[in-house]
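Take a look at the structure below.
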Amino acid sequence: MKKLISFLIAVIVITGVFSFDAGALRVGEYEISAVDSGAEIIAYNGNSSAIAIPETINGLTVTGIGEKAFKNSPVKSVKLPDTVKYISDSAFAEMNNLTDIDLGNSLETIGNTAFYNCVKLTSALEFPASLKKIGESAFENCWDMTYADIPAGVEEIGYCAFGFYYEQDVLDKKYYDYKRSDFKLFGYSGTAAESYANAHKLDFYDMITGVKGVSFKGMDFFINSDGAAELNAYNDVSADLIIPETVEGYTVKSIGAYALFNSAIKSVMISKTVEEIGEWAFEGCKNLKSITVPPTVKTIKECALGYYYEDGFNRPYLDFVICGAPGSGAKEYADKYEFEFDDVYTTFVTLKKSLGFVYVKGTLNVNASVKNPVGKTTYTTADKTIAKVSSKGVITAKKAGKTKITVMNNGVKKTFTVTVKNPYLNKTAATIKAGKIYTLKITGKVGKAKFTSGNTNIVKVNSSNGKYKGLRKGKAVITVKTNGITLKCKVTVKV
């Protein structure tokens, strides 16, 4: 050891690369201390969000993480090398941004309060088979960790290591360890995991029966002995939550109690495999203004939707809307707790008007609205020679007559009656005085119209605007071509 220290001091003097203080070496972002097994990291001075600790630092094998080495660090992700054998007390405590850590394959000991108050550390954490000891309060106050899979080789688990939080009592102002009702411990019968669960009255599940915990896209699932998955927690990865139909091949059939409690989600899509929603599942989701519940959900338990907890009482959000199908569990729940209910599964087709008219060559919109559509809305006409209709409900008139337009979606239909009319002139016969100007007007004109006089010596007419003038006594016919048809007006000129 003396030779090693002498050598390091010499390196410092010559190169200035390292700093040395009371037996500690600073190498890059890490401070290390030499131990019998190699090197122990005693502090981290970097600012990276994700770090992978090397197997060796300055030629020494990294075998341990020292006491409080990373405490209060802003790091989000950590990967330990397989050389690390132990994590000391409070080594990663109070890391508010830490979401995951790879513990390597050789870790044997996790110290007391090692990950205390790492509130975002998730259940995706995997413990290596080499692990032997987990210290007291090692994972206390780790709120986003809702389950833990304990290897069979773990021999000791300290007081309140899992499934507890530390909080001040509202009455005597003293701090106590409180058990979490949402935490599940997975392990094997006859091991330290079962002994710990029994001693602390935690829910314990023997993994030999097939039950286990699964993490997927920020969600924690409990797989029961029947192979059904239950959503147990969500770690606010996104404000828009999609609950899948399956996870790792297991069908998601339920949403557990407190699963989304106080979540920041704004929207949620529940898969049609879900059959039950547990107590207080969405309680305190203040940004969630409505929820659509598929008709497959038969059971919704107490205060599962639309409630928040305040001053010792469950209180409803007065503007909360439950969307679902008539006769479903959602409708029953909405009626029971007096929430507004919106039927989003029954298709409704409505028309602004049930009939209308249009002139030949003209267009008219059916103005249909479809609530809760399934697939495309179709428009069909009973007589295509009178009127045709587009896929968007725009009617084009072909010839004078009457026909019906049918609007249909999901088997629900409405009928619109359209009457097609020919355009017409304001006069079909006129007696005028020579020398004066008159106007022939068209009602229902589509596009341009062309006016012609049958005898230009008697009546002269403007071909585009219909203004006409009698030139001398006599009779003439003004012909108007508009909308693809011909109209006529007989004009008699008097002196």
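Predicted, not measured: the structure shown is a model, and the values here were computed from it. One is the number of the first residue; the rest follow in order along the sequence.
Taking CZ of Phe70 as the reference point, atom CZ of Phe115 lies at 10.0 Å (rounded to 0.5 Å). Rounded to the nearest 0.5 Å, atoms CD (Glu283) and OH (Tyr258) are 7.0 Å apart. The CG atom of Asn365 sits 10.5 Å away from atom NZ of Lys392, with the distance rounded to the nearest 0.5 Å. Phe451 contributes atom CZ, which lies 10.5 Å from atom NZ of Lys467 (distance to the nearest 0.5 angstrom). Going from atom CD1 of Ile291 over to atom CG of Leu305 covers 5.0 Å, rounded to the nearest 0.5 Å. Residue Thr113 holds its OG1 atom at 12.5 Å from CZ of Phe92, rounded to the nearest 0.5 Å.
The closest donor-acceptor contact from the side chain of Asn224 to the backbone of Ala228 lies under 3.5 Å. Counting only distance, with no hydrogens or angles, the side chain of Ser463 and the backbone of Lys450 share no donor-acceptor pair below 3.5 Å. Counting only distance, with no hydrogens or angles, the side chain of Ser123 and the backbone of Thr146 share a donor-acceptor pair below 3.5 Å. Ser254 places no side-chain N or O within donor-acceptor distance of the main-chain N or O of Gly256, the cut-off being under 3.5 Å. Counting only distance, with no hydrogens or angles, the side chain of Tyr333 and the backbone of Ala304 share a donor-acceptor pair below 3.5 Å.
Shortest non-hydrogen contact noted between Ile41 and Ala69 is O-CB, 3.5 Å. Taking each heavy atom of Ala325 and Asp343 in turn, the nearest pair found is CA-OD1, 4.2 Å. The two residues Lys427 and Cys489 come nearest to each other via the heavy atoms O-SG, 3.5 Å. The heavy-atom pair separating Ala449 from Lys445 by the smallest distance is CB-CD, 3.6 Å. Considering every non-hydrogen atom in both Gly375 and Asn409, the closest pair reads O-ND2, 3.4 Å. Among all heavy-atom pairs drawn from Pro128 and Gly104, the shortest one is CB-O, 3.3 Å.
When the shell of 6.0 Å around CD1 of Ile242 is examined, it contains 12 or fewer heavy atoms from other residues, nucleotides or ligands. Taking a 6.0 Å sphere around CD of Glu338, one finds it holds 12 or fewer heavy atoms contributed by other residues, nucleotides or ligands.
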* Assess whether side chain to side chain contact (heavy atoms under 4.5 Å, CB included) is satisfied between Lys494 and Arg472, documenting all intermediate values. => CA-CA 7 Å; Lys494 292 185 177 181; Arg472 65 182 183 179; over 6 Å; no

* Please assess Glu332 against Phe341 for the test side chain to side chain contact (heavy atoms under 4.5 Å, CB included), listing each intermediate value before the final yes or no. => CA-CA 10 Å; Glu332 181 181 346; Phe341 181 79; over 6 Å; no

* Given side chain to side chain contact (heavy atoms under 4.5 Å, CB included), test Asn457 with Leu471 step by step and report yes or no. => CA-CA 7 Å; Asn457 292 320; Leu471 301 178; 5.7 Å; no

* Asked: So Leu440 and Val461, side chain to side chain contact (heavy atoms under 4.5 Å, CB included) or not? Walk me through it.
  -> CA-CA 9 Å; Leu440 201 57; Val461 64; over 6 Å; no

* To do: For ring pair (Phe, Tyr, Trp, His ring centres under 6.0 Å), just list the numbers for Tyr308 and Tyr317, CA-CA rounded to whole Å, side-chain angles, deciding distance to a tenth of an Å, and then say yes or no.
  => CA-CA 7 Å; Tyr308 65 99; Tyr317 290 114; 4.8 Å; yes

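Between Phe139 and Tyr116, the ring centre distance reaches or exceeds 6.0 Å. Ring to ring, Trp143 and Tyr165 are close: their centroids are under 6.0 angstrom apart. Aromatic ring centres of Tyr309 and Phe313 lie farther apart than the 6.0 Å criterion allows. The aromatic ring centres of Tyr30 and Tyr44 sit less than 6.0 Å apart.
Here the rule is side chain to side chain contact (heavy atoms under 4.5 Å, CB included) with Val358, and of Val446, Thr419, Val418 only Val418 fits it. Remark: of the listed residues Thr380, Thr381, Thr417, Thr417 is the sole one forming a side-chain hydrogen bond (donor to acceptor under 3.5 Å, both in side chains) with Lys404. Checking each of Phe162, Phe204, Tyr205 against Phe186 for a ring-ring contact (aromatic ring centres under 6.0 Å, His included) leaves exactly one that passes, namely Tyr205.
Here the side chains of Val459 and Val493 are in contact, with some heavy-atom distance below 4.5 Å. Tyr234 is not listed as a side-chain neighbour of Asp220, based on a closest heavy-atom distance of 4.5 Å or more. In this structure the side chain of Lys120 never reaches within 4.5 angstrom of the side chain of Asn235, judged on heavy atoms. In this structure, the side chains of Thr482 and Tyr424 stay at 4.5 Å or more apart for every pair of heavy atoms. By the 4.5 Å heavy-atom criterion applied to side chains, Asp149 and Leu125 are not counted as neighbours. Ile277 places a side-chain heavy atom less than 4.5 Å from the side chain of Ile270. Using a 4.5 Å heavy-atom cutoff, the side chains of Leu103 and Glu126 are not in contact. Side-chain contact between Asn287 and Ile265 is absent, with no heavy-atom pair separated by less than 4.5 Å.
Side-chain atoms of Thr347 and Asn372 include no donor-acceptor pair closer than 3.5 Å. Counting only N and O atoms by type, the side chains of Glu276 and Thr299 include no donor and acceptor under 3.5 Å apart. In the model, Thr246 has no side-chain atom that pairs as donor or acceptor with a side-chain atom of Thr251 under 3.5 Å. Side-chain contact, Asp144 with Thr122: no donor N or O sits under 3.5 Å from an acceptor N or O. Side chains of Ser267 and Asp240: a donor-acceptor N/O pair is present below 3.5 angstrom, by distance only. Counting only N and O atoms by type, the side chains of Thr396 and Thr363 include no donor and acceptor under 3.5 Å apart. With no hydrogens or angles considered, a side-chain donor-acceptor pair links Asp100 and Ser77 at under 3.5 Å. Using modelled atom types, one finds a donor on one side chain and an acceptor on the other under 3.5 Å when comparing Asn45 with Glu31. Residues Asp383 and Thr403 have side chains that never bring a donor and an acceptor to within less than 3.5 angstrom of each other. Side chain to side chain, Asn96 and Glu94 fail the donor-acceptor criterion of an N or O pair below 3.5 Å.
Using cut-offs of 30° and 60° for the angle between ring planes, the Phe357 and Tyr359 rings count as perpendicular.
The cationic atom of Lys184 (NZ for Lys, CZ for Arg) does not lie both less than 6.0 Å from the six-membered ring centre of Tyr147 and within 45° of the ring axis.
A salt bridge links Arg315 with Glu310: the closest approach of a Lys/Arg side-chain nitrogen to an acidic carboxylate oxygen falls below 4.0 angstrom. Looking at Asp342 and Lys371, a side-chain N of the basic residue comes within less than 4.0 Å of a carboxylate O on the acidic one, giving a salt bridge.
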